Peer 1: 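Can you keep this structure in mind? I'll have questions shortly.
Nothing here was measured: the structure is a model prediction, and the numbers come from that model.
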Amino acid sequence: MAKSPTRKPATKAKRARAPKAVSPKPPVAGEMLPSVPTTETDAHPYQALDRIARAIVARQTGGVSPYSILQAWSDWALHLSRAPGRQLELAERSLRNATDVFEYAARLAAGQEADPPFKPKSYDHRFTDEAWSKLPFALTQQSFLATQDWWDHATATMRGLSEPDSKRVAFMVRQYLDLISPSNFPMTNPEIIRETVRQRGHNIIEGAQHLIDDMVQTWTQHSRPPPEGFRIGEDIACTPGKVVYRNDLFELIQYAPMRDEVQAEPVLIVPAWIMKYYILDLSPRNSLIRYLVEQGFTVFAISWCNPTADQASLSLDDYRRRGVMEALDAVSAIVPGQKIHATGYCLGGTILSIAAATMARDGDDRLASISLFAAQVDFSEAGELLLFLDESQVAFLEDMMWAQGYLDRPQMTRTFASIRAEDLIYARAVRRYFLGAEDLPSDLTVWNNDTTRMPARMHSEYLRGLFLENRLTAGRFAVDGRVIALKDIDAPFFVVGTETDHIAPWRSVYKTRLFTQSDLTFVLTSSGHNGGILSEPGHPRRHYRIGTRHEGDTYTDPDTWIDRHEPVDGSWWTEWTAWLIDRSTGLTTPPETGQSGGRYAPLCDAPGRYVLQH
């Protein structure tokens, strides 16, 4: 029988608070940030008017600061203007690219075989149709790719040029080029021309109807019902269970056992509040939650609310204290005397890491292990999302949220879609509006369209404290007025990164290894942020790499790590469940669902109410 987990009493040294600083300290994520500092209000009595003006502009630009855009372009243009060597290089490249394109076109016109001088990027699937390799479409395609190649070199970093500004200009150029790609226009896309002839224009009529429907839906923000076969609670998010606890922030679901005996230690899943929890409970065939239950685990999952303007003051610490910690208290009460395998996905992993570090500081040892899926604790290499963040950008977002109470769903969706605009925006638009094709429904697309809002205060604290200032790994993230450190955590880690993740790049996820000291198993799996996590056994063409760092081992950089670990075919889920079993104390009878007549009495069937909020 496992020993009962205890909360170790804090020592006198731990209870002592640091003396108050004489000078004002910077705001700390998790603490209340005043919307307008008193001293600034006194000095600038009309600052609220400035915020209203910025909020109006931000609503029109989707939260993108035009000042940041102008600053980036100015930085790039001024450095290029005083770089005659780079100018000469670009002039030569322009001439060489043009020559390569016309030589290729001439060979095709003469009936000769020729390899195209420019190829689309690995993630660009707009030019897969065979007709793009034949004139006249080969000429337009190669001209576009040659232009793209030139701009890639033109926006490359220069001596003295800020690297963020260089990347931001490159990103904006890519957005513009994606907009004018020949694949987007009926007269220059052979697939559209061929389909229009075949259907005698009916595809254009169907596409126009799709466009009108999408515009109305965007303007009204009316949520479309899930298609037949993808109903929430019936076809997806349908693992049997009960809601055993609810507050205004989350519901806690306890899933019904599927075996006569279960592992003694329960599993608590903390999903991101930027998404609905059922990404981990999609169809029965690819539900991670169902898989865990089938393997003999008692599983609990948090289902976050979809906040409204009335919840604008929810803080990052509310998600820790009234979210993660209250869920842990509930699990400890329902399964007494056992430690807990805590699991966090994306932002859920970040807030779980913060909670675990706080528990370690305060002597709370209830965690048997910590599993983090595509979750970052260090944000210095957070990928292209950092392109949207500087002081001006954050101020614009804050003022927009200050006016409406939250970051709205379309504003957030556009940010993620623009990172892969060529596929998520334009390729879809071509299929839907010019080819007249309906979006093929799937459990993942239903979930992807079921977006959520972000409360203003929490999102501001998250952007500033973590993304902008990277306080968690810099030793400046305070909870209850005292700084926390990830290295205090002694529970073992299981960390998963995904190879093509553009939201939480795997090298950034890997940095958990740099800031922790306990045993850590790292898995790098194929596919991206969502697809890599949804990697059930039997999924075709999936592989992973796995390696363990034991306490006391020296650090290995990510490139060396990947060279030393060969890919293994199959699903990493089997590795994870075996890892959890190795860190459990054995089988026992399943616990009661909730507490009959107590604080955690079952309230309703899973998936609960909050997952249905729009």
Peer 1: My understanding is that only one of Y291, F493, F373, Y544 makes a ring-ring contact (aromatic ring centres under 6.0 Å, His included) with W576; could you say which?
Peer 2: F373
Peer 1: Using the benzene-type ring in the case of Trp, are the ring centres of F250 and W273 under 6.0 Å apart?
Peer 2: no
Peer 1: Between T525 and T498, does a side chain to side chain donor-acceptor pair (under 3.5 Å) hold up when you go through it step by step?
Peer 2: CA-CA 5 Å; T525 182; T498 62; over 6 Å; no
Peer 1: Considering non-hydrogen atoms only, spot the tightest contact between S166 and L161 and give its length.
Peer 2: CB-CD2, 3.7 Å
Peer 1: So which heavy atom on V496 is nearest to which on V509, and how close?
Peer 2: O-CG1, 3.6 Å
Peer 1: Any idea how Y510 and F522 line up, ring-wise: parallel (<30°), tilted (30 to 60°), or perpendicular (>60°)?
Peer 2: perpendicular
Peer 1: Please determine, by modelled atom types, if R174 and T155 share a side-chain donor-acceptor pair under 3.5 angstrom.
Peer 2: no
Peer 1: Between T445 (side chain only) and P441 (backbone N and O only), is there a donor and an acceptor less than 3.5 Å apart?
Peer 2: no
Peer 1: Looking at every non-hydrogen atom in both residues, tell me the closest pair between P607 and S303 and how far apart they are.
Peer 2: O-OG, 4.5 Å
Peer 1: Quick one: are L268 and L352 in side-chain contact, heavy atoms under 4.5 Å?
Peer 2: no
Peer 1: Any side-chain heavy atom of V483 within less than 4.5 Å of one from R361?
Peer 2: no
Peer 1: Counting only N and O atoms by type, is there a donor-acceptor contact under 3.5 Å from the side chain of S526 to the main-chain atoms of R542?
Peer 2: no
Peer 1: If you measure from CG on L534 to NE2 on H529, what distance do you get to the nearest 0.5 Å?
Peer 2: 10.5 Å
Peer 1: Should I253 and D281 count as side-chain neighbours, where that means a heavy-atom distance under 4.5 Å?
Peer 2: no
Peer 1: Evaluate side-chain contact (heavy atoms from CB on, under 4.5 Å) for Y319 paired with E461, printing each intermediate quantity in order.
Peer 2: CA-CA 12 Å; Y319 279 83; E461 293 173 345; over 6 Å; no
Peer 1: For D129 and W132, indicate whether the former's side chain and the latter's backbone hold a donor-acceptor pair under 3.5 Å.
Peer 2: no
Peer 1: Looking at H543 and P567, what are the two nearest heavy atoms and their distance?
Peer 2: CD2-CB, 3.9 Å
Peer 1: Got a second to check how far M454's CE is from H459's NE2, nearest 0.5 Å?
Peer 2: 4.5 Å
Peer 1: Could you tell me which non-hydrogen atom of Y277 sits nearest to which non-hydrogen atom of P271, and how far apart they are?
Peer 2: CB-CG, 3.6 Å
Peer 1: Measuring only between side-chain heavy atoms, which start at C-beta, is R464 closer than 4.5 Å to V394?
Peer 2: yes
Peer 1: What do you reckon, is OH of Y555 surrounded by more than 12 foreign heavy atoms closer than 6.0 Å?
Peer 2: yes
Peer 1: Step by step, work out the side-chain contact (heavy atoms from CB on, under 4.5 Å) result for K339 and D365.
Peer 2: CA-CA 8 Å; K339 291 191 175 185; D365 67 347; 4.1 Å; yes
Peer 1: Let me see the working for D329 and R366 under salt bridge (charged side-chain N to carboxylate O under 4.0 Å, His left out), right down to the final yes or no.
Peer 2: CA-CA 10 Å; D329 290 343; R366 285 181 290 167; 2.9 Å; yes
Peer 1: Carefully, step by step, assess T239 and V299 under the rule side-chain contact (heavy atoms from CB on, under 4.5 Å).
Peer 2: CA-CA 11 Å; T239 303; V299 180; over 6 Å; no
Peer 1: Taking all non-hydrogen atoms of both residues into account, name the closest pair between Y610 and L249 and its distance.
Peer 2: CE1-C, 4.1 Å
Peer 1: With under 30° as parallel and over 60° as perpendicular, where do the rings of F379 and Y462 fit, or are they tilted in between?
Peer 2: perpendicular
Peer 1: Roughly how far, to the nearest 0.5 Å, is CZ of R513 from CG of L520?
Peer 2: 7.0 Å
Peer 1: Going by heavy atoms in the side chains, are S369 and F494 under 4.5 Å from each other?
Peer 2: no
Peer 1: Find the distance between OG1 (T512) and CG (L372) and round it off to the nearest 0.5 Å.
Peer 2: 6.0 Å
Peer 1: With side-chain contact (heavy atoms from CB on, under 4.5 Å) as the test, would you mind laying out the steps for N286 and L444 before giving the verdict?
Peer 2: CA-CA 10 Å; N286 62 356; L444 190 57; over 6 Å; no
Peer 1: Between CG of L486 and CD1 of I484, what distance do you get to the nearest 0.5 Å?
Peer 2: 6.5 Å
Peer 1: Quick check against the 3.5 Å criterion: does D443 have a side-chain atom that pairs as donor or acceptor with the backbone of F230?
Peer 2: no
Peer 1: Would you call the rings of F297 and H341 parallel, tilted or perpendicular, where under 30° means parallel and over 60° means perpendicular?
Peer 2: perpendicular
Peer 1: Among T516, T554, T556, T521, which one satisfies side-chain hydrogen bond (donor to acceptor under 3.5 Å, both in side chains) with R549?
Peer 2: T516
Peer 1: State plainly whether the residues R507 and E381 are in salt-bridge range, i.e. N to O under 4.0 Å.
Peer 2: no
Peer 1: May I ask you to say whether E536 pairs ionically with R290, meaning some side-chain N is under 4.0 Å from a carboxylate O?
Peer 2: no
Peer 1: When rounded to the nearest 0.5 angstrom, what distance separates OH in Y345 from OG in S371?
Peer 2: 14.5 Å
Peer 1: Just by modelled atom types, is the E130 backbone N or O under 3.5 Å from a matching donor or acceptor in the S133 side chain?
Peer 2: yes
Peer 1: Do R583 and D519 meet the salt-bridge criterion of a basic N to acidic O distance under 4.0 Å?
Peer 2: no
Peer 1: Is it true that K511 and S380 share a donor-acceptor pair across their side chains at a distance under 3.5 Å?
Peer 2: yes
Peer 1: Are the side chains of D235 and S283 in contact, using a 4.5 Å heavy-atom criterion?
Peer 2: no
Peer 1: Taking V479's backbone N and O only, do any of them form a donor-acceptor pair with R320's side chain (distance below 3.5 Å, no angle check)?
Peer 2: no
Peer 1: Between Q263 (side chain only) and S584 (backbone N and O only), is there a donor and an acceptor less than 3.5 Å apart?
Peer 2: no
Peer 1: Just wondering, more than 12 heavy atoms not from D559 lying within 6.0 Å of its CG?
Peer 2: yes
Peer 1: Is any side-chain heavy atom of R126 less than 4.5 Å from a side-chain heavy atom of D178?
Peer 2: yes
Peer 1: Please check this pair: side chain of W447 against backbone of K276, looking for a donor-acceptor N/O pair closer than 3.5 Å.
Peer 2: yes
Peer 1: Would you find a donor on one side and an acceptor on the other, under 3.5 Å apart, between the side chain of R564 and the backbone of G547?
Peer 2: no
Peer 1: If you measure only the distance, is there a donor-acceptor pair under 3.5 Å linking the side chains of S518 and D490?
Peer 2: no
Peer 1: Side chains of S181 and Q148: does their closest heavy-atom pair fall under 4.5 Å?
Peer 2: no
Peer 1: With a 3.5 Å distance limit and no angle check, can you tell me whether H539 reaches the backbone of S535 through a side-chain donor-acceptor pair?
Peer 2: no
